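Taking it in order: structure first as C-alpha cells, then the write-up.
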Protein chains: 2
Amino acid sequence: MNDYVTLTEEEKDFLVSKVICRKYLKGQYIVQQGDICKYSCFVLSGCTKTFYMDPQGQEHIVMFSIEDWWSSDIGSFINQTPADFNIQCLESTELAMFSYDVIEELYSEIPKLERFFRQVTERGLIASQKRIVRSFSLSAKEQYIYFRNQYPKIDQRIPQYMIASYLGITKEFLSKIKSQLALE
Amino acid sequence: MNDYVTLTEEEKDFLVSKVICRKYLKGQYIVQQGDICKYSCFVLSGCTKTFYMDPQGQEHIVMFSIEDWWSSDIGSFINQTPADFNIQCLESTELAMFSYDVIEELYSEIPKLERFFRQVTERGLIASQKRIVRSFSLSAKEQYIYFRNQYPKIDQRIPQYMIASYLGITKEFLSKIKSQLALE
DNA sequence: AGCAGATGTTAATCTAGATTAACATCATTT
DNA sequence: AAATGATGTTAATCTAGATTAACATCTGCT
C-alpha cells in the first residue's frame, strides 16, 4: 500500500488502529455464499480462492488472491447484500481486514484513501474486463498458457482441478492440454 | 448523476464548464483499438458497442451502453495506454465527455466526485464479475434469456448478430436458440 | 420497380471440450 | 505396511456449440 498513498504518521496510526489483522487456517472460510461480506481484505500472506457454487453443486473459481492482493465479494461488501461467492483459504492466510463501517470512516478522516480505493477498484475492473475478453477470444489451451505466465508461482501452490475450475474447463481436459504442451 | 451526488450551484457550473457535450453519428467511432482513450463518456442518448477485434479479425462485443450508462475503455483511460477496445455508435449518440486531464482537476476541486466515480467503478466491477460467473455457470440459452430480461429494449434496437457476439456464440446458434424458445 | 448489401434462418457436418470410468500416485492415518 | 482419501492421468464416448453453405427478408438506393 505504501507504493500508492503517502500517509502522515497520525494518518498511519489512525489507519492501523482501525484495521483488524487476523490469521485464518487452511480450509477456513472468510465469506460464505449468502452471508453479508463485512470485510474487504488485503492478503498479507497465504492464498484464498473465491468461488461460486451453482445450483447443481458445481464449483466455479472466480479468482485466486495471493500476497498483496485484495480478497472480498465486492458486490456484497459495497451493497451489504448477501454474497454470491465463497472465499476460502487454500493455505494458512494472514489478512488485513477493513470493515464496512470503518472504511466509510477512513474515507472521511483520510480523503486520500478514497482515491486509493477508487484506484484499487479501477485496477480490479480492468482485470475483470480483460478476463472476459480472454474467455471469449482464447482457446482453453491459450488461456492456460496465459494463466501460467500470469501466476508463475500459484501453479505450484494449488491443485490442478482448481486451476481447471478457474479456467472454466474440466480437470480431465486440463490434463489433456498439459500432456499436449509437454510434447511441443 | 443527480441521484448520486448533490452539488452546489458553483460546483455544478464548474462541472458543466469542464464537460464536453458532443453528438456522434451512427457508425462513428469514439475510440479505436490502439488509440489512447482520452475521454470517459456518459451516454445522454443513443447507443454504443464496445468490442474487441481479435487477431483473426473476429469481433467480440464486450458491452452495449445506452442512455445513462458509461462508455469508455477504462483500462486505456486510467493508464493512458493504447486501447484494447473499439467503441462505435450504433445510433446517433449524444455524449457528456470527461477528459483525462479534466477529471483529475474535478477530483481536486470537488472531492465528492472522487467518491462518485469510485462508486461508478464499483458498480462496473460488480457487473463485470457477475458476467464472468454467468458465462461459466449458464448455458448459451440461459444467458440469452438473462440478456433479454436485462435489456428488454436493446433487443429491438440492435441486430441479432451483435447480440450473438455479446453472448459469445455464433449468430446461427442464437437463431437456433430463438426458434427453440418460440416453441416452448 | 429492381438491384445490391446487410441481416436472418435452416440444415448438414464438424470439433472443442464434457462426461464417464478405470487406473495411478501420493499423503495421512491406523 | 495397509488402508483411506485426495489428487492426477488416460482413453472412449458424447454433446453444445461452431462452421459452412444455401436460401430468405429486409432495407435503402438509383
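Keep in mind it's a predicted model, so treat the numbers as computed, not measured. In what follows, chains are A, B, ... by sequence order, proteins preceding strands, each numbered from 1.
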Side-chain atoms of residues 95-102 of chain B: list all donor-acceptor pairs with protein atoms under 3.5 Å, sequence neighbours left out, distances to 0.1 Å.
| from | atom 1 | to | atom 2 | distance (Å) |
| --- | --- | --- | --- | --- |
| B:Ser99 | OG | B:Val102 | N | 3.3 |

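- With rounding to whole Å, B:Lys26 atom NZ is found 11 Å from D:dT27 atom P.
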Between the protein and nucleotides 6-11 of chain C, which nitrogen or oxygen pairs are less than 3.5 angstrom apart?
| from | atom 1 | to | atom 2 | distance (Å) |
| --- | --- | --- | --- | --- |
| C:dT7 | OP2 | B:Tyr161 | OH | 2.9 |
| C:dG8 | OP1 | B:Gln160 | N | 2.9 |
| C:dG8 | OP2 | B:Gln160 | N | 3.1 |
| C:dG8 | OP2 | B:Tyr161 | N | 3.2 |

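- Identified under the ring pair (Phe, Tyr, Trp, His ring centres under 6.0 Å) test for residues 7-31 of chain B, with sequence neighbours left out: none.
- The side-chain contact (heavy atoms from CB on, under 4.5 Å) test applied to A:Ser175 returns no partner, not counting sequence neighbours.
- Rounding to whole angstrom units, CD of residue A:Glu142 and C1' of C:dA16 are separated by 12 Å.
- Set against C:dT19, D:dG17, C:dG17, the side chain of A:Thr170 has C:dT19 as its closest nucleotide.
- Less than 4.0 Å separates DNA chain D from no heavy atom of any residue of residues 50-57 of chain B.
- B:Val16 is linked by a side-chain contact (heavy atoms from CB on, under 4.5 Å) to nothing, counting only residues two or more places apart in sequence or in another chain.
- Across all their heavy atoms, A:Met63 and A:Ser65 have their closest contact at CE-OG, 3.5 Å.
- Annotation: ring pair (Phe, Tyr, Trp, His ring centres under 6.0 Å) contacts of A:Phe147 (sequence neighbours excluded): A:Tyr151, A:Tyr166.
- Atom CD of B:Gln180 is separated from atom C1' of D:dG17 by 11 Å (rounded to the nearest Å).
- Note on the helix from C:dA1-D:dT30 to C:dT30-D:dA1: terminal axis deviation equals 30°, with five pairs used at each end and the result rounded to 10°.
- Among residues two or more places apart in sequence or in another chain, the side-chain contact (heavy atoms from CB on, under 4.5 Å) test is passed with A:Glu104 by A:Tyr107, B:Arg115.
- Each side chain to side chain donor-acceptor pair (under 3.5 Å) pair with one or both residues in residues 38-47 of chain B, not counting sequence neighbours, appears once here: B:Ser45-B:Glu94.
- Of the N and O atoms on the side chains of B:Thr121 and A:Thr121, not one donor lies less than 3.5 Å from an acceptor on the other residue.
- In this structure, the side-chain contact (heavy atoms from CB on, under 4.5 Å) partners of A:Pro159, at least two apart in sequence or on a different chain, are A:Tyr161, A:Met162.
- Listed by first and then second residue, the side chain to side chain donor-acceptor pair (under 3.5 Å) pairs involving residues 74-90 of chain B are B:Gln33-B:Asn86 (not counting sequence neighbours).
- Distance CZ (B:Phe136) to P (D:dG17): 15 Å, rounded to an integer number of Å.
- Regarding B:Gln58, its CD atom lies at a distance of 10 Å from the P atom of D:dT20, rounded to whole Å.
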